[in-house]
Amino acid sequence: MDSLLSNWNEVLKGMSKLVTAVSYDLYIETLEPIKIDNNKLILLASTISNKNQLMRLHKDKLLTEVKKYFENVDDLVILDPSEKEAFLEDIKHAEEVLEAKQIFNDKNKLNEKYTFESFVVGKSNQFVYAACRSVAENPGKKYNPLFIYGGVGLGKTHLLHAIGNYVRKTRKNLKILYVTSEQFTNDYIQALKADKKENANKAFRDKYRDIDILMVDDIQFIANKNSTQEEFFHTFNDLYQLDKQIVITSDKHPRNMETLEERLRSRFTGGLIQDIQKPDFETRLAILQKKVEIERYNVEPDVLIYLAENIDTNIRELEGSLNKVVSLSSLIGKQKATKEEAEEALKDIALSQSQNLTVDRIIDIVCKYYNVKRDDLISKKKNKEIVDPRQICMYIITELLDVPLMNIGTALGGRDHTTVIHARDKIASSIKTNKNLKTDIDDLIAMIKSDEM
Ligand code: ADP
Ligand code: MG
């Protein structure tokens with residue numbers, strides 16, 4: 001946005017030399033550059049008659065000037081105020097569709113770092129590890145479905161990717177599909193919504209039926225969606241009957257998933273159900289050592305012991321604390337991280353845990369900060385005073401909490417997860433250039449993490 005404005009200022013300067021002062025004041029200076037879309041610079045005129053006059057008298061000059069300063073622009077779109085909303089809505093829709101497609105592809109990618117080699121085996125996960133290896137070596141043969149359950153950050157996603165990466169290397173002809181249950185839901189909804197139903201259904205079936213291994217991560221999120229469960233049931237049966245491998249993860253045992261349909265529960269329990277537990281001290285230490293080795297971190301050995309002793313909740317946090325220690329020590333220019341930084345890092349972590357850091361708290365603080373009502377924030381309103389804080393809210397939640405995008409959307413007035421992604425990415429890129437916004441967000445995060453309010 002900053003470069004948009006600074007280029008626009010150059011255009012203004014240029015135009016001021018080409019048109020009369022009256023024209024400049026009336027038609028040019030009153031224009032507001034909105035954005036660049038598809039190589040077109042979108043401008044907002046202050047009234048319809050200004051727009052018409054401008055088009056009639058100065059459009060060519062303006063375009064020539066614009067092209068001088070905007071490399072990728074080859075045309076102008078001038079809107080009057082009555083056209084603005086509809087136009088932005090269209091662009092937004094097009095962007096969301098595009099994003100949905102991109103996410104679709106990104107999420108299908110396997111993370112190459114998550115392999116069996118990089119997975120540390122200990123008492124807490126040896127059985128689940130063995131089951132996953134067996135599935136990877138003989139998909140569809142032994143444990144089908146394989147159902148893995150356990151708390152957050154204990155390695156479920158890592159193991160799914162490890163299966164995928166292993167099969168991809170050893171059995172190139174097999175088709176693997178890894179999806180989160182959010183993605184499954186989304187694909188299914190898209191298929192329902194599509195104008196050309198048949199095509200959409202076919203696309204859905206091609207994606208989910210024409211595969212050898214289906215891995216669905218965090219299935220708990222479809223357990224309260226009836227029609228999605230139904231579709232999943234059919235997908236499951238079709239694949240299962242063809243001896244295709246199915247691997248599922250969840251935060252709970254199927255019997256404890258209250259809203260899970262009975263017939264799915266019985267399918268899930270028909271295979272192997274394996275839990276993954278919190279790692280013991282030795283495993284935690286080994287995980288840290290492995291991470292140091294992979295990332296080539298330079299840390300004193302007692303740092304690892306200290307972290308492994310103090311963080312026993314989950315492995316994501318354990319890894320996070322190590323990253324924190326390393327970044328603290330490089331911040332102060334140390335070659336090697338010592339226990340001093342480890343203690344510092346843990347203080348921060350303890351603090352963020354002691355606060356009830358929740359979506360609710362974040363919404364509250366953002367509302368107060370920008371002086372907007374909570375009802376407005378979660379409403380359908382689209383004015384900038386509301387949209388900006390709403391998007392900032394979404395961004396901060398994704399930064400601070402590990403909550404599924406879909407749930408963030410729900411908390412903020414039943415919005416789609418693509419909207420959350422859009423907001424997150426937009427703010428993330430804005431703060432790179434917009435210092436004020438960055439300061440606002442830093443302030444907000446500090447407030448959210450502090451004891452006050
Ligand atoms: P979950 O899906 O259960 O919430 P993840 O698979 O995302 O957890 O794991 C969280 C982080 O911890 C990941 O970076 C993962 O690589 C790491 N991790 C988990 N278990 C292990 C392990 N046994 N060995 C090495 N890294 C692990
Ligand atoms: Mg996971």
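Heads up: numbering here begins at 1 and tracks the sequence. Indexing begins at 1, ligand by ligand and atom by atom, following the structure's order.
- Scanning the protein for heavy atoms near atom 4 (O) of ligand 1, the closest one is G153 N, 2.6 Å.
- Heavy-atom proximity to V152, at under 4.0 Å, picks out these atoms of ligand 1: 4 (O).
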Exercise. List the steps and the verdict of side chain to side chain contact (heavy atoms under 4.5 Å, CB included) for D251 and V152.
Key: CA-CA 7 Å; D251 62 344; V152 290; over 6 Å; no
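- At a cut-off of 3.5 Å, with distance as the only test, a side-chain donor of T283 or D280 sits close to an acceptor on the other residue.
- With hydrogens left out, the protein atom closest to atom 16 (O) of ligand 1 is H158 ND1, 2.7 Å, a heavy atom.
- Considering backbone and side-chain atoms alike, V120 places an N or O below 3.5 Å from some N or O of ligand 1.
- Counted within 6.0 Å of NZ on K225, heavy atoms from surrounding residues, nucleotides or ligands total more than 12; the atom is thus considered enclosed.
- Counting heavy atoms under 4.0 Å from ligand 1, residue N125 touches it through the side chain alone.
- Taking the charged nitrogens against the carboxylate oxygens, K175 and D210 do have a contact shorter than 4.0 Å, which makes a salt bridge.
- Between the side chains of T418 and D416, at least one donor-acceptor pair of N or O atoms lies under 3.5 Å.
- Applying side-chain hydrogen bond (donor to acceptor under 3.5 Å, both in side chains) to T235 and the options E230, K207, R205, R209 leaves one that passes, R209.
- Using 4.0 Å as the threshold, G150 has no heavy atom nearer than that to any atom of ligand 1.
- Comparing G155, S124, A162 by heavy-atom distance to atom 5 (P) of ligand 1, the nearest is G155.
- Heavy-atom contacts of E319 reach the following atoms of ligand 1: 11 (C), 12 (O), 13 (C), 14 (O), 16 (O), 17 (C) (cutoff under 4.0 Å).
- Close N/O approach between L154 and ligand 1 is found [any backbone or side-chain N/O within under 3.5 Å].
- Ring-plane geometry between Y208 and F204 is classed as tilted, the angle between the planes lying from 30 to 60 degrees on a 0 to 90 degree scale.
- Because the distance cut-off is set at 2.8 Å, T157 qualifies as a neighbour of the Mg ion (ligand 2) through one of its N, O or S atoms.
- Within the structure, the closest approach of K290 to ligand 1 does not fall below 4.0 Å when heavy atoms are considered.
- Panel note: side chain N314, backbone K278; no donor-acceptor pair is recorded below 3.5 Å.
- With a heavy-atom cut-off of 4.0 Å, S118 touches ligand 1 through its backbone alone.
- Cation-pi contact between R267 and F233: absent, since separation from the ring centre below 6.0 Å together with deviation from the ring axis within 45° is not met.
- N125 contributes a side-chain N or O that, together with a main-chain N or O of G122, makes up a donor-acceptor pair within less than 3.5 Å.
- In the vicinity of G151, heavy-atom distances shorter than 4.0 Å reach the ligand 1 atoms 3 (O).
- Ranking protein heavy atoms by distance to atom 12 (O) of ligand 1, first place goes to I315 CG2, 3.2 Å.
- The option with the heavy atom closest to atom 7 (O) of ligand 1, from among R316, H161, K156, is R316.
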